[in-house]
2 protein chains.
Amino acid sequence: MELVKVIRAERTMPITTAGLAAATDSGEVVTVRGMAHALRDFGGVRFVVLRRHDGVTQVVLPEDARMPKEGDAVEFTGVVVSEPRAPGGFELRAGTIRVLSTPAEPMPVPIHKTNMGLTLDTDLSLRPITLRNLRARAVMKLREGLARGFRDSLAARGFTEIHTPKLEALSAEGGASVFRVPYFQHKAVLAQSPQFYKQMMVGVFERVYEVGPVFRAEKHNSSRHLNEYTSLDLEMGFIDSVEDVMACETYALRYMMDLLRGEYAPQLDALKLTVPEIDGIPALRFDEAKARAAETYNLPRGDPNDLTPEEEQAIGRYAAEKLGSEFVFVTRYPSKKRPVYAMDDPDDPRLTLSFDLLFRGMEITTGGQRVHDYHAQVSKIIGRGLDPAGFEHYLMIHKHGMPPHGGLGMGLERLLKQLTGAANIRQACLFPRDTTRLSP
Amino acid sequence: MELVKVIRAERTMPITTAGLAAATDSGEVVTVRGMAHALRDFGGVRFVVLRRHDGVTQVVLPEDARMPKEGDAVEFTGVVVSEPRAPGGFELRAGTIRVLSTPAEPMPVPIHKTNMGLTLDTDLSLRPITLRNLRARAVMKLREGLARGFRDSLAARGFTEIHTPKLEALSAEGGASVFRVPYFQHKAVLAQSPQFYKQMMVGVFERVYEVGPVFRAEKHNSSRHLNEYTSLDLEMGFIDSVEDVMACETYALRYMMDLLRGEYAPQLDALKLTVPEIDGIPALRFDEAKARAAETYNLPRGDPNDLTPEEEQAIGRYAAEKLGSEFVFVTRYPSKKRPVYAMDDPDDPRLTLSFDLLFRGMEITTGGQRVHDYHAQVSKIIGRGLDPAGFEHYLMIHKHGMPPHGGLGMGLERLLKQLTGAANIRQACLFPRDTTRLSP
């Protein structure tokens, strides 16, 4: 018996769809493994559609073989031949089949159908298997592409990736929308955003980003809210104005959309999606955007300090119809509705040097320039009736030197929802969390 | 006044260190921004060492300029000239200086020194500014490299990135080491690992990975434990044996180390680190490893089902001295100490098809093959005295078809600690969480 074995770097890499395409009509014998996703029996010819890591492969069964069951893990060996009606234009003519595992019970829902015909609630309750549906899977693959594009675009511009803590001390600004966590002898909360930490890290790396979970204990159970979501955050130092942050977002989004177009075409095709072309993104001041939405679409003007979902929709429509863009920045939000770290507009301190980004009529990003001067930040904290002592660690960076800086947070699920045209944000999340749903 | 402005993609990209090197002795006038990190006054010549996004730059002050303060955000314009004694072999001879912001108080600790001379506790309490120290910053940049290398290596092998929820329903296997979170009308816990979710996602994408936080409410306050850490997780389907998972880890680690050597050389140099060369990684069975550690180093044999930290150190030493490797796999752990989803060894069901990976004498990974058969998994749950009803969503995947699969979780902080030779794991984390520390 061999007592010391040496493990070499990965030996097994499953053949890719591109590899199968390259082997087409070559006569080369290949081995393909996957899950029996759909079964078709046309009397004389029987097919298995295999669900594989990077796509689906049509396999023609050997004549004498038993038809596998839906959900079997199977291995086929055979040759790849052209077949214009098959996915990718080829199919595997299998010589042998080997069943590697088999399910205990039949699939309870038709995951092999384009449209499973399920209510959202059933879909979510059966999520471990409904995600196997090819449309659901394509949405989640695009999700990967967006996260990856965000990271890669920023890494190419001198940003450093950070991982900030999700458990924090219960702080002064706490509020009702934080989840509280008993933490040994202390009280912790779950991070609602990496805001303070990413600002701290601007002092270290100048430009930073993070892709990670954030937690909001908000009670609204709407089609656009989740209680846990993935936030795409960036923060950058040495900005000349808040427009540098907006320009960086324009750049990152363009990069992300180009990446999807370039490397996620099978998923976009499966979902029949068109990815926006981003050249520039128009920006309207808050008051101006509100006025134009009201005038153009006869909307009532609600809260003078915020936008309602209906106003966001109208501004999105205005941008699409009048400005030729599916994205639109809304700038100079009133200070009243912006957080304590937002920098006020020196021309009008009732406003902030901040922005939201709307995509197809829904807010997907909040960002802005931050206060970097120690005394200005302390004043603003006191002005809000808060105690600077509660911000001790945060104020350390202002006290000992911070460059002018700003940043933003983008909700990955909101971006994906709008991109895929999903009716509900839960469809843009693997295992969504809402006020009543904690599992699966 | 311009009412609609169009924001174009990023206009500002700070000049890189490579860009400065390229401009050296060209006479080209460049603008450089950064934080005044260290100040040196040699009477006639005064220098500022600027801390910038991708390195440090030595600047010679204009003769008539006032010396900036440590922590000032400054902008210099000038020409780059060769200077062998300066970082990178060049310095900026500044013609103009502009101070963009200035700190309210002087730096309380010597962050500009190679060794700050602080106790760990002081270092961590002042973390927002002590991370500005160049050694601390280099460690955190390597952290980025490891996370990036893990992702990139797997993406190149057909893996899909996933983001699984960190809030979960309180479940049967809960136990003492989970953080509990009141969640509206329900009871939630913080995820200790993405284990069940990544297995679910193998049914969808075949090969998946996640880089994300995990939470352990363990009470030990040691140099190798954190209560929140970043886990590098992968899970892969259609394996022939657990060795496919080990081979994949060998591949990923080799990729990560090569990436550091290739793209993080300045950080490695700053820390005077040597990155291990990985060809293959030796593997020893648990019982064999335990015996050799005991025999070679006269260690008492403790718990027959687990390894003590001392045994891990001895096995690591054995691997380095006798097998020529800083990494070593330990395989076939006893079933008693492995979780309910671990696949038992068909040759000896007291053992599992599992492994740990030790790096320089410390466990950095736990992995193994998982049960994929529904009936086998139900039996194993019952055999542990647990109720299968508590595993309803998890068992859905086994019930409706799963390929043979396995995976692993690697602790990013442990890997980074061992790589950098840090005495304490807290030095491998931006803002560590332990039983008493929740801030900064």
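Sequence lines set the chain letters: A, B, ... in the order given, protein chains first and strands last, and positions in each chain run from 1.
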Task: Portion of A:Ser125 that has a non-hydrogen atom of chain B nearer than 4.5 angstrom - done: backbone

TODO: Please work out which of the three classes, parallel, tilted or perpendicular, describes the rings of B:Tyr394 and B:Phe196, given edges at 30° and 60°.
DONE: parallel

TODO: Considering only heavy atoms and a distance below 4.5 Å, find which of B:Gln185, B:Arg143, B:Met140 pairs most often with chain A.
DONE: B:Arg143

- [ ] Over all heavy atoms of both residues, which pair between A:Leu226 and A:Cys429 is shortest? Give the atoms and the distance, please.
- [x] CD1-CB, 4.2 Å

TODO: Could you have a look at B:Asn133, B:Leu167, B:Ile278, B:Leu134 and say which one has the most heavy-atom pairs with chain A under 4.5 angstrom?
DONE: B:Leu167

Open item on the list: Taking every non-hydrogen pair under 4.5 Å, which of A:Met107, A:Arg433, A:Met246 racks up the most with chain B?
Closed with: A:Arg433

TODO: Mind ranking B:Asp279, B:Thr164, B:Ile111 by heavy-atom pairs under 4.5 Å with chain A and telling me who comes out on top?
DONE: B:Asp279

- [ ] Examine whether an atom of B:His163 lies under 4.5 Å from a heavy atom of chain A, and if so say whether it belongs to the side chain, the backbone or both; otherwise answer neither.
- [x] both

Open item on the list: Are A:Tyr209 and A:Ile162 packed together at the side-chain level, in the sense that at least one heavy-atom pair is separated by less than 4.5 angstrom?
Closed with: no

Task: Pairs of heavy atoms under 4.5 Å with chain B: top-ranked of A:Arg51, A:Glu392, A:Met200, A:Glu228 - done: A:Glu228

TODO: Heavy-atom distances under 4.5 Å only: say whether A:Leu323 touches chain B with side chain, backbone, both or neither.
DONE: side chain

Open item on the list: Under 4.5 Å from any heavy atom of chain B, what part of A:Phe238 do you find: side chain, backbone, both or neither?
Closed with: both

Task: Atom pair CE (B:Met35) and NE2 (B:His53), whose distance is rounded to the nearest 0.5 Å - done: 14.5 Å

TODO: Heavy-atom pairs under 4.5 Å with chain B are the metric here; pick the option from A:Phe215, A:Tyr374, A:Tyr183, A:Phe159 that has the most.
DONE: A:Tyr183

TODO: Tell me, for B:Met201 versus chain A, whether the close heavy atoms (under 4.5 Å) come from the side chain, the backbone, both or neither.
DONE: side chain

TODO: Answer with side chain, backbone, both or neither: which region of B:His398 has an atom nearer than 4.5 Å to a non-hydrogen atom of chain A?
DONE: backbone

- [ ] Heavy-atom distances under 4.5 Å only: say whether B:Phe329 touches chain A with side chain, backbone, both or neither.
- [x] side chain

Open item on the list: Let's go through B:Asp152 and B:Tyr255 carefully: what are the C-alpha distance in whole Å and the side-chain angles of both, what is the deciding distance for side-chain contact (heavy atoms from CB on, under 4.5 Å) to 0.1 Å, and is it a yes or a no?
Closed with: CA-CA 9 Å; B:Asp152 290 356; B:Tyr255 187 108; 3.4 Å; yes

Task: Top contributor to chain B contacts, counting heavy-atom pairs under 4.5 Å, from A:Gly212, A:Ala289, A:Pro182, A:Ala155 - done: A:Pro182

Task: Options B:Pro404, B:Ala169, B:Pro165, ranked by heavy-atom pairs under 4.5 Å with chain A, top entry - done: B:Pro165

Task: For chain A, the option from B:Lys141, B:His37, B:Arg148, B:Glu75 that forms the most heavy-atom pairs under 4.5 Å - done: B:Lys141

Open item on the list: Using heavy-atom distances under 4.5 Å, tell me whether A:Pro213 contacts chain B through its side chain, its backbone, both, or neither.
Closed with: side chain

Task: Side-chain donor or acceptor of A:Asp54 paired with backbone N/O of A:Thr17 under 3.5 Å - done: yes

Open item on the list: The test is side-chain contact (heavy atoms from CB on, under 4.5 Å); show your working for B:Cys248 and B:Leu154 and say whether it passes.
Closed with: CA-CA 9 Å; B:Cys248 188; B:Leu154 296 175; 3.9 Å; yes

Task: Best-contacting candidate, A:Glu249, A:Arg292, A:Lys187, against chain B by heavy atom pairs under 4.5 angstrom - done: A:Arg292

Task: Counterpart residues, side-chain contact (heavy atoms from CB on, under 4.5 Å), relative to A:Asp434 (two or more places apart) - done: A:Asn221, A:Asn227, A:Arg426, A:Thr436, A:Arg437

- [ ] Start with the C-alpha distance between A:Met236 and A:His405, add both sets of side-chain angles, then the distance that settles side-chain contact (heavy atoms from CB on, under 4.5 Å), and finish with yes or no.
- [x] CA-CA 6 Å; A:Met236 57 200 283; A:His405 66 285; over 6 Å; no

Task: Non-neighbouring partners of B:Asp72 that pass side-chain contact (heavy atoms from CB on, under 4.5 Å), sequence neighbours left out - done: B:Ala36, B:Pro68, B:Lys69, B:Val74, B:Val99, B:Thr102, B:Pro103

Open item on the list: Please classify the contact between B:Tyr251 and chain A as side chain, backbone, both or neither, with a heavy-atom cut-off of under 4.5 Å.
Closed with: both

TODO: Please lay out, stage by stage, how B:Thr250 and B:Phe327 fare under the test side-chain contact (heavy atoms from CB on, under 4.5 Å).
DONE: CA-CA 9 Å; B:Thr250 304; B:Phe327 291 92; over 6 Å; no

Task: Between A:Leu190, A:Thr160, A:Thr230, the one whose heavy-atom pairs under 4.5 Å with chain B are most numerous - done: A:Thr160

Open item on the list: Using heavy-atom distances under 4.5 Å, tell me whether B:Leu284 contacts chain A through its side chain, its backbone, both, or neither.
Closed with: both

TODO: State the CZ-CD distance between A:Arg137 and B:Glu206, to the nearest 0.5 angstrom.
DONE: 8.5 Å

TODO: Measure A:Pro432 against the heavy atoms of chain B and call it side chain, backbone, both or neither at under 4.5 Å.
DONE: neither

- [ ] Answer with yes or no whether the side chains of A:His400 and B:Glu105 bring together a donor and an acceptor at under 3.5 Å.
- [x] no

Task: Most chain A-contacting option - heavy-atom pairs closer than 4.5 Å, from B:Gly237, B:Ser325, B:Gly158 - done: B:Gly158

Task: Contacting moiety of A:Arg254, where chain B heavy atoms sit under 4.5 Å - done: side chain

Open item on the list: Can you classify the ring geometry of A:Phe179 versus B:Phe184 as parallel (below 30°), tilted (30 to 60°) or perpendicular (above 60°)?
Closed with: perpendicular

TODO: Compare all side-chain heavy atoms of A:Ile129 with those of A:Pro108 and state whether any distance is below 4.5 angstrom.
DONE: yes

TODO: Give, as side chain, backbone, both or neither, the part of B:Leu412 having an atom under 4.5 angstrom from any heavy atom of chain A.
DONE: side chain

Task: Per-residue contact mode, A:Ile397 against chain B (heavy atom under 4.5 angstrom) - done: both

